[in-house]
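Comments concern the structure below.
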Amino acid sequence: QVQLVESGGGLVQAGGSLSVSCAASGRTFSRYSIGWFRQAPGKEREFVAAISRSGGITYYADSVKGRFTISRDNAKNTVYLQMNSLKPEDTAVYSCAAKSSWVGVTTAAGYEYWGQGTQVTVSS
């Protein structure tokens, strides 16, 4: 069992930066790949970024590539998403999720555990 809690969301102006965190409970955190997803009002949830169990592999959606960086600290049971050059279209609820396999990391349906989400709002 893994419990995930996101933090760090907030309001930022376009072009600014924000970092969100995903803290996990349990001693098996390092066994899971972690993904970030986001959902804007009236839109479907979309994949943002994912990181492998060791942190050695990362993958990004085209829409955030070059602007967002995902990282993890297994000693602290935490995954981070650093978001730079933010745009109004990045506004959404950002949620982290855990899955035991790297296969299908871009697909929400395959994730076993989810956090409650944190709101990120980018003003123009």
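- Between V20 and W36, the closest side-chain pair of non-hydrogen atoms falls below 4.5 Å.
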Identify every side-chain donor-acceptor pair in residues 39-48 under 3.5 Å, counting partners at least two apart or on other chains, and give the distances.
{"residue": "Q39", "atom": "NE2", "partner": "K43", "partner atom": "O", "Å": "3.1"}
{"residue": "E46", "atom": "OE2", "partner": "R38", "partner atom": "NE", "Å": "2.6"}
{"residue": "E46", "atom": "OE2", "partner": "R38", "partner atom": "NH2", "Å": "3.0"}

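- For residues 95-108, the pairs satisfying side-chain hydrogen bond (donor to acceptor under 3.5 Å, both in side chains) are S100-E112, with sequence neighbours left out.
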Show me the donor-acceptor pairs within less than 3.5 Å that the side chains of residues 58-65 make with the rest of the protein, sequence neighbours left out.
{"residue": "Y60", "atom": "OH", "partner": "I70", "partner atom": "N", "Å": "2.9"}
{"residue": "D62", "atom": "OD1", "partner": "K65", "partner atom": "NZ", "Å": "3.1"}

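- The shortest non-hydrogen separation linking G104 to Y111 is O-CE1, 4.4 Å.
- Between L86 and F68 the shortest side-chain heavy-atom distance falls below 4.5 Å.
- Between F29 and R53, the closest side-chain pair of non-hydrogen atoms is not below 4.5 Å.
- For residues 67-89, the salt bridge (charged side-chain N to carboxylate O under 4.0 Å, His left out) pairs, not counting sequence neighbours, are R67-D90.
- Within the structure, the disulfide bond (SG atoms under 2.5 Å apart) test picks out the following pairs touching residues 73-124 (sequence neighbours left out): C22-C96.
- Summarising the geometry of A14 relative to S124, their closest heavy-atom pair is CB-CA, 4.3 Å, with the distance given to 0.1 Å.
- The minimum heavy-atom distance linking S21 with Y80 is given by the pair OG-CD2, 3.4 Å.
- With hydrogens and angles disregarded, a donor-acceptor distance shorter than 3.5 Å links the side chain of S25 to the backbone of Q3.
- The salt bridge (charged side-chain N to carboxylate O under 4.0 Å, His left out) test applied to R31 returns no partner, not counting sequence neighbours.
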